[in-house]
Structure formats: C-alpha cells, structure tokens
Student: 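Submitted below is the structure of interest, expressed as structure tokens.
Each ligand, and each atom within it, is numbered from 1 in the order the structure gives.
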Amino acid sequence: MANWVDTAFERAASKFARGAKLAAQQGIIPYKSEGGRYVPSPFDGNSWWTGGFWPGIMWQLYHATGEAVYKTEALRVEELLTRELMTFDLLNHDVGFMYMLSTGAHHRLTGDEAARTNTLHAASLLMGRFNPEGFIRAWPGKERAGYAIIDCMMNLTLLYWASRQTGDPRYDKVARIHADTTMREFLREDGSSCHIVVFDPETGKALERPRGQGYAEGSSWSRGQAWALYGFTLAGLNLGESKYIDAARRCARYFMAHIREDGLTDSDFCQPEGEERIDNIAGACAACGLLELADAVGGEEAETYRAAAEKLLRALDTLCADWSEEAPGILQKCTASYHDDGAGRHVNILYGDYFFVEALCKLRGTDARLWMKD
Ligand code: GLY
C-alpha cells in the first residue's frame, strides 16, 4: 500500500501548498473549488459549519511536513473564525467541526493559550445547546428547538476535549447523554442511521424522523452513516466505553455492505437503482472512521475494516482525484445533500479533501489526531 499512499500524500501536500497561497490571495475560507479558484461557503459567511476543514487540512499538513506555509494559512483563517465566536444566532452545534480543527488544532500542535481559550468558548457554546431532556440541539430557529442530527456525534469531540482540559466532568456527561440518546433514537436494527430526529423540546419524546439530507424518510444518507460510524468510534475512544465501539461496529458493517463495486459511495444507500449520485465526502470520512475502529478493536476484525478503508481510498485516488495543477481541490463528485444542489452536487468540496488527507496521514503514521481529547 505504501507507494500509492506516499504518492497521493505528496501530491496533496504540493496542491495545498499552492492552495494556501491562492486562498490567502482570495481572502476567503475555501468551501469548494471551481474553475481554478476557491469558492466560499454558500450560506452564513464565515459562520458556515465547514469553516474548520480548511485550517484542518493546513494543520494536518503542517504536522506531517513542518512547512510554515500551512501554519501561516491556518492562522490567517483562525482569525476569521475566532471573530465568528460572537455570532450567536448563526453558530450552532457544528462549533465542533469549526473549532476542533482550527483553534483546537492550533493549541494541540503548538500549545497556544489564546487558541485554547477560544476552543473552550466554543465548547461552552456547544454545552449551551444541551436540552436536559437528553439531546444537543442542532440548529437555531424557533421551529427547530427539538431538532438533533447524527452529525453531532462528531461535534461531541469538543466536549471530550474540554473535559480533559478543564478537569470538569460536565462536558463528558453531556456528551454521554447525547450519545446514548443517539444510539437509542437514531440507529436502526440493521445498523443504519437516520439523519434527523425531532424531539419534543419539553419532554424529550421523539416525534419525527424526516429525511434531512438523504433521499427519503427511512432511507440511509451515506454521509450521515459516516458521521455515525466515525462519531461513535470517537465516543468509544475518548470516553473509554465499549458500548460506543459496538455501536460503531454496527454502523461500519452497514456502511461496508453498501460500498459500490467500484469502491465509491452513493449519496444515499437507498437511492433508486441506476441513479448516479455519488458523495465522495462520505467515502473519505468513513475510511477515517474505519481506520480508527480497526485500531480500537484489533485482531482479524481490524483487517476487515482496514481492507474496506483501503478499497474506499484507492477508489477515490484512482477514479475521483483531480491531481492536475490547475485544480485547487482533490476529490470530485462530492454531493452536499441528496435533493438540494445549492451547496454542491458532484463537485469538489473541501471537507471531502480534509478527510482524504486525514486518512492518508493515518496510513502514513502522521495523523495529528485532531478529534481526540488529548
Ligand atoms: N453537517 C452537515 C453535512 O454533513 O452536510
């Protein structure tokens, strides 16, 4: 495996060394790339949930290579993201994605104290979204007080980190309550997950499970499945509890059973036969989860997860990576949402590239472990 991984890593490193300069010239936080340029997020300016992935790429590459170009760019964007900590009406539970990979990574890799403080502010915002009926509220808006979504399993990493940093168990306790609710209300018998559960915000009773970004109610949105697989793995590792690893195993089995023959990932595992709608972000994220899960379980079972991760990553590399100098991003055929093309369909979206780079770093033994409490 080593050869293709090293080649892909080197190509990614030089693409994003050029990209770091281009993004700085453009003065934006890249969300996707198109026509040789980066494009900012489609909604909510720098408060959009994906803002952390670009600095996350930069920190992973800085950690692996020590090249200053990546750190300089990560710090440029960190300044923009830190300003967003005041935009209470726009920020939501995705502060985990935004700040674990920016200020959190900065503190982890350099010990910077201001970055630590800002990450703790973000963790407190996430705590403030906790509904004592048992879930972390996803989004703002009066009509969405009871909404929780599977993606939040990744955001919980901010709480594990904050508990470790402060010695205050409340962050972990809230994370556990939310993870237990998610296990009970989101995961189905067959190991698949729904995207959204709408709870009664007064009683915590689950009322509805709308389709969210997936194909239909009751279907299986593949990126949500990847969030579940990786999120439960990270819960197991960070909280030291085997029940979450068991949940991750169930999610992994379902995901692996639905990988396409060519190794790519459909946008929804229940989409109509013959429908060409692929989401390579899901494949890259699931590969990261599978590699972590493999390390967590060991033995022969681990080999199954590693083989599936390699199948996903090889397919991304050979079928959907644009390694040309003109392209500022890597993975093509990324799809933000099954029915709504507003945030991108079958284009390069940079959070897919983040997970691809993270997976390559894992395989090379240089992963900066940005989702871990320590
Ligand atoms: N967290 C939203 C998404 O995965 O599109």
Student: Any salt bridge linking Glu133 with Lys205? Criterion: basic side-chain nitrogen under 4.0 Å from a carboxylate oxygen.
Tutor: no

Student: Distance to 0.1 Å, residue and atom name: give those for the protein heavy atom nearest to atom 5 (O) of ligand 1.
Tutor: Arg223 NH2, 2.5 Å

Student: Using 30° and 60° as the class limits, which term best fits the ring planes of Phe232 and Tyr244: parallel, tilted or perpendicular?
Tutor: parallel

Student: Do Trp221 and ligand 1 have an N or O pair less than 3.5 Å apart?
Tutor: no

Student: Return the orientation label for the Trp161 and His107 ring planes: parallel under 30°, perpendicular over 60°, tilted otherwise.
Tutor: perpendicular

Student: Could you list the atoms of ligand 1 found under 4.0 angstrom from a heavy atom of Tyr351?
Tutor: 5 (O)

Student: Show the atoms of ligand 1 that are less than 4.0 angstrom away from any heavy atom in Asp151.
Tutor: 1 (N), 2 (C), 3 (C), 4 (O)

Student: Between Tyr62 and Tyr70, is the ring centroid distance below 6.0 Å?
Tutor: no

Student: Any N or O of Trp49 that comes nearer than 3.5 Å to an N or O of ligand 1?
Tutor: no

Student: For Asp94 and ligand 1, does the shortest N/O to N/O distance drop below 3.5 Å?
Tutor: no

Student: Quick one: sort the Phe53 and Phe97 rings into parallel, tilted or perpendicular, breaks at 30° and 60°.
Tutor: tilted

